[in-house]
**Q** 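First, the structure itself, so that you have it in front of you.
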Amino acid sequence: MDFTLNQDQEMLKTSVDRYFADCPEDKNPAEMWAEFAELGWLAMPFSEDVGGYGSSIIESCMLTEAMGRNNINSPFLSSTLLAGKLLESAPASDIRESLLSALLAGEQQCSVALFENSYADTLENLNCKAEKTSEGWTLSGRKVLVDNPAANSIIVIAQTGTNADSLNAFVVSADHTDLQKQILALMDETQVQNLAFNEVKLPASACLFPEGGAANALQMVMNESIIALAAEAQGAMDALLKTTVEYTRGRKQFGVAIGSFQALQHRMVDMFTHAEMTRAMILRAQCAVLDKDANLPMIVAALKALVGKKSRQLAEEAVQLHGGMGVSEEMPIGRYLRRIMMIDASFGNADIQRRRYCQLRYDSVA
Amino acid sequence: MDFTLNQDQEMLKTSVDRYFADCPEDKNPAEMWAEFAELGWLAMPFSEDVGGYGSSIIESCMLTEAMGRNNINSPFLSSTLLAGKLLESAPASDIRESLLSALLAGEQQCSVALFENSYADTLENLNCKAEKTSEGWTLSGRKVLVDNPAANSIIVIAQTGTNADSLNAFVVSADHTDLQKQILALMDETQVQNLAFNEVKLPASACLFPEGGAANALQMVMNESIIALAAEAQGAMDALLKTTVEYTRGRKQFGVAIGSFQALQHRMVDMFTHAEMTRAMILRAQCAVLDKDANLPMIVAALKALVGKKSRQLAEEAVQLHGGMGVSEEMPIGRYLRRIMMIDASFGNADIQRRRYCQLRYDSVA
Amino acid sequence: MHAKFSPEELAFQAEVRNFLSTHFTPELAARIHEPSTFKEATIEWQKLLDNQGWAANGWPVEHGGCPWTATQKYIYSSELAAAGAPDVMPMGIKMVAPVLYSYGSDEQKARFLPITKRSDIWWCQGYSEPGAGSDLAALKTRAVLDGDHYVVSGSKIWTTYAQYADWMFCLVKTATEGRAQQSISFLLIDMKSAGISVSPIISIDGDHHLNEVHLDNVRVPVENRIGDENKGWEYAKALLNYERTALSGVAYCKRMVRDIEQLMQGSHSGFGLSSSDDIKARLADIEIDLMALEYLELSVLNKLDKGKAPGMESSLLKLVGTELQQALQKLRWDVTGGFAGVTEPGTTGIAPSEYLTQSHQIRREYMFGRAATIYGGSNEVQKNIIAKVGLGL
Amino acid sequence: MHAKFSPEELAFQAEVRNFLSTHFTPELAARIHEPSTFKEATIEWQKLLDNQGWAANGWPVEHGGCPWTATQKYIYSSELAAAGAPDVMPMGIKMVAPVLYSYGSDEQKARFLPITKRSDIWWCQGYSEPGAGSDLAALKTRAVLDGDHYVVSGSKIWTTYAQYADWMFCLVKTATEGRAQQSISFLLIDMKSAGISVSPIISIDGDHHLNEVHLDNVRVPVENRIGDENKGWEYAKALLNYERTALSGVAYCKRMVRDIEQLMQGSHSGFGLSSSDDIKARLADIEIDLMALEYLELSVLNKLDKGKAPGMESSLLKLVGTELQQALQKLRWDVTGGFAGVTEPGTTGIAPSEYLTQSHQIRREYMFGRAATIYGGSNEVQKNIIAKVGLGL
């Protein structure tokens, strides 16, 4: 058991934290993406085989945590950690190599189209269909809440049959002419899109897992992405706690700083406890990845449930303790709250995750 | 809408409150029972037809609430409100009239044997069997947690067939030679007994509902008994809140009364809120009885769930705010907590009641 | 003791329902919800209520109020909320009017009460200031007498709908010494006066409800002062209690419960009511609390009918009511599976439409609903009041 | 970064497991649980641990402690709890011993450490007094110097197992002026001294764990004072922090989770795990918190291994750990459907036996478990510490 960072990780952490602390909220996204590429961050999580640096979930979480702390939106999670790592886990193919090299160089972005009804969907209830034809594949169905409409390519998850391992992944160019799109703005100032596939024709090469195994690969990259997402929420929680403590120390009411009221102090201690508990659970999930723990899916469900619940409680308390300032846009409290709510919703919220945890944990027992 | 007591009720309340406030905790049970009879309380809830005074759920709750407030155990609920009222709701018969007259006069006590596995049982899963024979009935099965081993007669709830209305009620004398008994002491200083019936023979007259209808009658008296039990919990909650406020006002730490700490004040406000919410819900359930509201079963499930949850939270907070005194028997805090826990458990605890509420409330919807 | 409505009460309920079904049309409801038509549609709706004699129902009968029992008031507000119809904007009819008819001069009553009742003027409330939220004693806006005018300078904050307001009722400091509570006066200020500027505060739902109002040497005629100089705090306090009793929101909560049931039956939420005991349990916990709160409110109303004044019960109703509102706003947001996070749904209709049509309302009520435990005296202040008055601590 | 155990750590785990399976017999466990044999069986168990070299594992190696890493300590206490084996009674080995080896004289060390390690004497702790719970500065027990003795008078309360104790370590006032914290000394008192009487305090589980110890002009040799006069507060404070790190109780919580799973699978509870999402959700909420708490504790241990001192982290572990313990004690009580309320099961066996056999333990741990958030510095005091030290408030 050893929870310390190695020297490279310590150094990376320092530069990541500095970069995002200095990054203005309204920074041009293309410029930021180019800087990520320049700093090597877009290649970092990939194996050296494909031109990456072979870093782990620890380094990925450093980035997302710093983004969360500084309230910065970026397609790093959806394009690099989810789509990129899914591509990497596919067997060698021309489309895989060319897309990966464009992603690692920061020349393109990619996104995974997963959900069909809402974020509450699970891999078991996906209905989007891919039919094999003589020329390739025909894709039919609907995808909703697909991250990052600026992505150049979309990896669509679809059923090719009826058995458990018939799920597969298909690369579709974002400018495919038969693709119907509906772009939605979300309250955390990101955009997503809904996509309709009405017998969209794809070449045979669009299929990423010709020999099967997409479901397992997807589950693994989803697990790691959820951990990175939790780290983003952690960053937001830490920022909210810090600003709340500072605000209550400065804000006076009835002649004294409201931070000196014991009832408010104890509530801030509860906020602190929430943040320390989620931090410990992220550590647990990271170790489960690094140690190849077979219980990873259960731990990730527990993590997402815990982070969803605690981060929202913490954010709501931050609003309350800021009083009128908390419900106005004069301070960034509301931005953090909205982002935390969208993080909770993504990949299934705390209720859904707890149910998943219960299935994995108790259904074999009872 | 009118929530005021009439003059008779106001007068009764005054005398009931005075009686129990003056009643020593270790008062001889037989003596107390004789005084109840003398004061007319054992006849009060019954119709004038059977020699009672025709009072309502309001008057019954005045008694149980005062008992709860003063931590006094009595078979009033199990013998008068549950067994007695079940007898009253049966059609005329010799056994009904003779038992009722003995109960109203305070000469005997009676108890209903309902549960078979634990308090979590529902009327739908009872298995105790009563078979009709040429001489009468043969009773087989087990009953657990039957109130008041001092009762002279036991009304056993048993299945006579397989359809929904095949439940019936049978009077068994407590000294029936074939009855096996196991007397259990409970932590609230009451006793209950488990009973085994191994082909116990009963005369035909033992059956209280020869034409059926026992299940409905039982459900109705259980509903009213649960409301009276909730009122007992209310009394205990009020007493616990009162003693906690007094204790924290007097108890000094770090040089000041701990009742002046804002964090503790806000927690006592939560206790107060719990007590006011349960009081309002008891009022709602009482009105539902008086107004013959068809939703009574759902309201009673909600009431029992609410009272179980809030009274236990309140009692646990009372222990905590009393510090070391709260976990010792130097003060009656622990007695109240134990009684509140047994009240929660009886007739199914807050979890079970909430599930019943959900069934009654949503199952037709979804 | 009984909770049933009398035949007269049932008849009144039918009358209210009938009025709502004929006058509160879906078209009017949509215009009230839409920010660009909100003001004119709200005034139109309040005039309809006034034509019926109900707009100022809480006023004394001699000024045009209704001789309703507490039960009737309960029926009225329950029916309004059940129909999704808003009550009147509180600032005029519910907040300044009681001060006017209780403490105003005959001239002031004659001048302001009728036009307030008819919704011919829109009021805003100038209490809070930057740096003085729930603590009104810390006010800094000064009013200095200059002949027959006060010259008022300072800032008011969190002023709801000041951007629409014709008049503001306002607490100002008129003395520099003595206890803070004995140095405040209650002024009515014409929003068109020179020196007033209004800057918007965007709230966390992204909408513009709130404002900061700057007063720079604004001249206010002395005749616009209500009651005596330096007694404004007393007048305002009487009114604060009123504000709180109106806040338990049981009927609004019931409407959210219905919304949630409908959303959970949708095919898209992943929270089917029939299949998931855990989500049913979450909803049931709130509903059960709500059942209790409803009777807590009814028993307070019952006491009012018997002539007893509401004490810290109004704090209790506000505390519990706002917490339940927020719990329901949260659950309703949750069961949309993320769709209530959509702020702009784009054009083509690929997404499940049943969520997108409600998304704006669900998100906005959750977000701005966070303010319910802050304004009207924060819930922490309510707890302090209950600890002091209710528990004697 | 990794959480896996090294081969050496796995070997150590196997060693502990093996020791427990051979030495902590069901017969010994039963005698420890039975009040009439509790004391002798506990001493027997501690002597077995001491023979193995583990009883005083936290002590410096030169006094007989183990050179364990934090991970080994974690493994050791996890395995003990998983086997249901009690750790040593804390008062001697864990509470007074660190004061002795840190601040005691060579004579005191030689006299007390070996017999404490061998469990030849039973200690009790005399800190709390009537009227001074978490606030040690308010102590009133006086020790007045008379030649080479202190004459001690006063009362100590909540003294765990004083009825069994041979010696008491005790905080007493040795000065009447100056700050309370600079007027307290740390004394060791022989419980057989004239003037000591012990009266039982029955706790809410109905058992006798606690006592009030009355001291009436008890003569205590000056050589039994630890360290300097009036510095006892300092010595005791260092020890309080230690007490708290031992309180998160993750392994105990895990054992309760297993109990609950078994109880819920019983046919009698009405809470079948398979059928009820709502009860699964209640258990899952606690278990998920427990998963986080386990790593919170591990990361504190990891820091200790790296030579960093624990700060307010020990308060945090105590706070969260005791709350989870209580939540599990409550759930475990609940799933027995009332049977855990049985104090005396009578003779014949009509009732479902699987509940009755565990009823005593389930009830007692719930009841006496309420004290976990009170002793060792109440959770309110822990929150004050975290607010001050952790948040700078």
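All values derive from a computational prediction rather than experimental measurement. Every chain is numbered from 1, with letters handed out A, B, ... down the list of sequences.
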**Q** Using a 4.5 angstrom heavy-atom cutoff, name the option from B/Met342, B/Lys143, B/Arg338 with the most pairs to chain D.
**A** B/Arg338
**Q** How long is the span from the CD1 atom in D/Ile279 to the CG atom in B/Asp351, to the nearest 0.5 Å?
**A** 3.5 Å
**Q** Report yes if some heavy atom in the side chain of D/Gln326 is under 4.5 Å from a heavy atom in the side chain of B/Glu316; otherwise report no.
**A** no
**Q** Does B/Glu246 CD have over 12 foreign heavy atoms under 6.0 Å away?
**A** yes
**Q** If you measure from CG on D/Asp278 to CZ on B/Arg355, what distance do you get to the nearest 0.5 Å?
**A** 4.5 Å
**Q** Is the side chain of B/Glu330 donor-acceptor paired with the backbone N or O of D/Ile201 at a distance under 3.5 Å, no angle test?
**A** no
**Q** State, with a plain yes or no, whether a side-chain heavy atom of D/Thr343 is found less than 4.5 Å away from one of B/Leu186.
**A** no
**Q** Which atom pair, heavy atoms only, marks the closest approach of D/Phe339 to B/Asn117?
**A** CE1-O, 2.9 Å
**Q** Got a second to check how far B/Ile333's CD1 is from D/Arg370's CZ, nearest 0.5 Å?
**A** 13.0 Å
**Q** Quick one: does any side-chain atom of B/Ser118 pair with a main-chain N or O of D/Gly338 as donor and acceptor, under 3.5 Å?
**A** no
**Q** When only pairs under 4.5 Å are counted, which of B/Ala263, B/Gly324, B/Ala196 shares the most heavy-atom pairs with chain D?
**A** B/Gly324
**Q** Pick from B/Asp188, B/Leu195, B/Leu184: which one has the most heavy-atom pairs with chain D under 4.5 Å?
**A** B/Leu184
**Q** At a 4.5 Å cut-off on heavy atoms, which part of D/Tyr366 comes close to chain B: side chain, backbone, both, or neither?
**A** side chain
**Q** Does any non-hydrogen side-chain atom of B/Glu329 lie less than 4.5 Å from one of D/Ile204?
**A** yes
**Q** Pick from B/Gly323, B/Gly334, B/Ser346, B/Ala345: which one has the most heavy-atom pairs with chain D under 4.5 Å?
**A** B/Gly323
**Q** Highest number of heavy-atom pairs under 4.5 Å with chain B: which of D/Ile157, D/Val342, D/Leu210?
**A** D/Val342
**Q** Could you tell me the separation between the CE atom of B/Met325 and the CD1 atom of D/Ile374, rounded to the nearest 0.5 Å?
**A** 11.5 Å
**Q** Highest number of heavy-atom pairs under 4.5 Å with chain B: which of D/Glu380, D/Lys383, D/Arg282, D/Arg363?
**A** D/Glu380
**Q** Is the number of heavy atoms from other residues, nucleotides or ligands within 6.0 Å of CG (B/Asn198) greater than 12?
**A** no
**Q** Heavy atoms, side chains only, cut-off 4.5 Å: are D/Tyr375 and B/Val327 in contact?
**A** no
**Q** Is any NZ, NE, NH1 or NH2 atom of the basic residue among B/Arg312 and D/Asp334 found under 4.0 Å from an Asp or Glu carboxylate oxygen of the other?
**A** yes
